[in-house]
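Below: the structure, in structure tokens.
Keep in mind the model is a prediction, meaning the values are calculated, not measured.
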Amino acid sequence: MNDKLLKINYERHKLANGLEVILYQDKSLPIVAVNIWYRVGSANESKGKTGFAHLFEHMMFQGSKHIPKGEHFRLIQEAGGSLNGSTSFDRTNYYETIPSNYLELALWLESDRMGFLLPALTEEKLNNQKDVVMNERRQRYENQPYGLAWEILLSNLFAQNHPYSWPTIGWMEDIKNFKLDDVINFFKTYYSPNNATLVIGGNFEFDNAIKLVEKYFGEFPSNNSIPEVKTPEQKLEDSKKIIHEDNVQLPRIYLAWHSDKIFGNYDASLDILSDILTSSKNSRLTKSLVYDKQIAQDVNAFQYSGKYAGMFLIISTAKPEILLEEIKKEIFEQINFLIDNGISDEELIRSKNSIKSHYIYSLQKLDVIVDHINHYNFYLNEPDSFMFDLKRYENVTKEDVIETARKFLANPYVELNIIPKKSK
């Protein structure tokens, strides 16, 4: 592949207050994307005080000193743009895509909630959003079939003092106990310019963009006392099995192993391993469980990699009258067969081509490119890591895949069985 195909030109700046600014110019369309990452996620929380990072994904749209509640959405949408935010273990991000002539509007909106959120933060707004988040938790987790699986796995795979051991949305009891002072202190600690990176991509002029950023963000003070996240090394001494009854029709099995961190030595080969196991009708587990033996409705494997740890998961829903133990037995037979006998050239090529095509196809959207720039800057300290990322997969060999399966999937694991509630 021609390296220039995925090479971007960018400028990197840093304001006196520590705000990092990355400018990527693309004049092919009359739009700009504004994307800000704060280096705070649920991993920056602590036991008993979880859910703050996700709460701010809500609070940041509730108005700030100069922008009434609801105006952020109204102004961007009336300008013909789109916007949203998201929270993960490692970071929180907020983003807008707008016509180029509205760049200043987007920067003003983002700056006002970075520098002037607290004057508009009231007990009433907090209580309102606490109710919203608790309702979201009920709808997406507690009242959703299989909805508690993720947090049950996290809390059993990771020790209680590990920052990945609680869900990003937070525990319900912690959400109920949000106090205004705690929320204010969390914002003061993490939502400072020196804990953020602003990426602007699209049709704009470099000089004008940096002047606007200085104008709207330059006055904010930095915070030089951001706590460091401590992550104790994680290892399961023995496998764990959890059985959870839920309002579901069919049983489902989850298997979770500790794996590699994001961009670690095995991260790409774990992605390829998951692809070979379940990505298509001819992949190992899908073919065996769903088509040949017809004992599962579905099966899915994936590598979740974060800044502080990674996990590899296999999930399968049983067909009616099929025991989860039968599915588990077949999963491990297929894993062991792969370790003992390897994979074919065809499997490896198909997997690499699939990953490559999905990746390149996604880069047709400006907002995706800009988010990748922030992603690479955050994890690799190099915004232009597109080719590096893709070459990780190109460089994986058949032997790497076998070694990866042996290294991680032969270890103790967490097994979660979600089964239908027994009728009373």
Examine distances only and state if a side-chain atom of [X] and a backbone atom of [Y] form a donor-acceptor pair shorter than 3.5 Å.
X      : Y      : value
Gln160 : Ser165 : no
Asp112 : His66  : yes
Ser316 : Asp298 : yes
Lys328 : Ile253 : no
Ser351 : Ile276 : no
Glu45  : Ala53  : yes
Glu57  : Thr87  : yes
Gln297 : Arg252 : no
Lys69  : Gly63  : no
Thr286 : Ser283 : no

(message) If the condition is ring pair (Phe, Tyr, Trp, His ring centres under 6.0 Å), which residues does Phe178 pass it with, not counting sequence neighbours?
(response)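 Phe178 satisfies ring pair (Phe, Tyr, Trp, His ring centres under 6.0 Å) with Phe52 only.
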(message) According to ring pair (Phe, Tyr, Trp, His ring centres under 6.0 Å), who are the partners of Phe73, at least two apart in sequence or on a separate chain?
(response)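 In terms of ring pair (Phe, Tyr, Trp, His ring centres under 6.0 Å), with neighbours along the sequence ignored, Phe73 is linked to Phe61.
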Locate the shortest heavy-atom distance separating [X] from [Y]; write the atom from each residue and the value.
X      : Y      : value
Val21  : Val213 : CG2-CG1, 3.7 Å
Arg39  : Asn194 : NH2-O, 2.8 Å
Tyr216 : Ser111 : O-CB, 3.2 Å
Thr97  : Ala33  : OG1-CB, 4.1 Å
Asn203 : Val32  : O-CG1, 3.3 Å
Lys188 : Asn223 : O-ND2, 3.5 Å

If we only count heavy atoms from C-beta on, is the [X] to [Y] side-chain gap below 4.5 Å?
X      : Y      : result
Ile184 : Leu118 : yes
Asp275 : Arg350 : no
Asn127 : Lys130 : yes
Gln234 : Leu157 : no
Pro232 : His162 : yes
Tyr191 : Leu117 : no
Thr92  : Tyr94  : yes
Pro119 : Ser64  : no

For this output row, return yes or no: ring centroids of [X] and [Y] closer than 6.0 angstrom.
X      : Y      : result
His13  : Phe206 : no
Phe263 : His375 : yes
Phe116 : Phe220 : yes

Do you see a donor-acceptor pair shorter than 3.5 Å between the side chains of [X] and [Y]?
X      : Y      : value
Asn374 : Asn93  : no
Tyr266 : Glu403 : yes
Arg392 : Ser269 : no
Tyr376 : Asp389 : yes

(message) Apply side-chain contact (heavy atoms from CB on, under 4.5 Å) to residues Leu105 and Ile98 and explain how you reach the verdict.
(response) CA-CA 9 Å; Leu105 171 67; Ile98 62 272; 5.9 Å; no
(request) If a pair satisfies side-chain hydrogen bond (donor to acceptor under 3.5 Å, both in side chains) and one of its residues is in residues 145-154, list it, with sequence neighbours excluded. (result)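 Those involving residues 145-154 are Arg137-Glu151.
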(request) Write out all pairs satisfying side-chain hydrogen bond (donor to acceptor under 3.5 Å, both in side chains) with one or both partners inside residues 15-32, taking only residues at least two apart or from two chains. (result)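 Applying side-chain hydrogen bond (donor to acceptor under 3.5 Å, both in side chains) to every pair that reaches into residues 15-32, excluding sequence neighbours, yields Arg12-Glu20, Glu20-Thr197, Glu20-Asn377, Asp26-Ser28, Lys27-Glu205.
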(request) Output, in order, the C-alpha distance, side-chain angles, deciding distance and verdict of salt bridge (charged side-chain N to carboxylate O under 4.0 Å, His left out) for Glu136 and Arg140. (result) CA-CA 6 Å; Glu136 179 186 348; Arg140 290 179 53 197; 2.5 Å; yes
To the nearest 0.5 Å, what is the distance between [atom1] on [X] and [atom2] on [Y]?
X      : Y      : atom1 : atom2 : result
Leu390 : Met387 : CG    : CE    : 5.5 Å
Met134 : Ile169 : CE    : CD1   : 11.0 Å
Asp400 : Lys407 : CG    : NZ    : 12.5 Å
Asn208 : Lys215 : CG    : NZ    : 9.5 Å
Asp174 : Lys49  : CG    : NZ    : 8.5 Å
Ser192 : Asn195 : OG    : CG    : 5.0 Å

(message) Would Glu71 and Arg74 count as a salt bridge (charged side-chain N to carboxylate O under 4.0 Å, His left out) here? Give the steps.
(response) CA-CA 5 Å; Glu71 282 295 282; Arg74 185 185 71 80; 2.7 Å; yes
(message) Within a 6.0 Å radius of atom CG on Asn265, are there more than 12 heavy atoms belonging to other residues, nucleotides or ligands?
(response)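 For Asn265, atom CG is not crowded (no more than 12 foreign heavy atoms under 6.0 Å).
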(request) Report the residues that fulfil salt bridge (charged side-chain N to carboxylate O under 4.0 Å, His left out) with Asp384, sequence neighbours left out, ordered by chain and then residue number. (result)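 For Asp384 the salt bridge (charged side-chain N to carboxylate O under 4.0 Å, His left out) partners, ignoring immediate neighbours, are Lys7.
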(message) Would Phe89 and Tyr308 count as a ring pair (Phe, Tyr, Trp, His ring centres under 6.0 Å) here? Give the steps.
(response) CA-CA 9 Å; Phe89 287 135; Tyr308 303 107; 9.5 Å; no
(message) For a side-chain contact (heavy atoms from CB on, under 4.5 Å) check, start with the C-alpha distance between Leu409 and Leu273, then their side-chain angles and the critical distance, and finish with the verdict.
(response) CA-CA 11 Å; Leu409 303 192; Leu273 174 61; 3.9 Å; yes
(message) Applying side-chain contact (heavy atoms from CB on, under 4.5 Å) to Lys230 and Asn161, what does each step give before you reach the verdict?
(response) CA-CA 9 Å; Lys230 293 179 180 172; Asn161 61 341; over 6 Å; no
(request) Go through the steps to decide whether Phe56 and Gln129 satisfy the test side-chain contact (heavy atoms from CB on, under 4.5 Å), and finish with yes or no. (result) CA-CA 9 Å; Phe56 273 103; Gln129 290 309 302; over 6 Å; no
(message) Restricting to side-chain contact (heavy atoms from CB on, under 4.5 Å), what partner residues turn up for Lys307, sequence neighbours left out?
(response)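 Partners of Lys307 under the side-chain contact (heavy atoms from CB on, under 4.5 Å) test: Asp90, Tyr164, Phe378, Tyr379.
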(message) Is there a salt bridge (charged side-chain N to carboxylate O under 4.0 Å, His left out) between Arg113 and Glu96? Walk through the geometry before answering.
(response) CA-CA 14 Å; Arg113 56 185 180 185; Glu96 296 88 7; 3.6 Å; yes
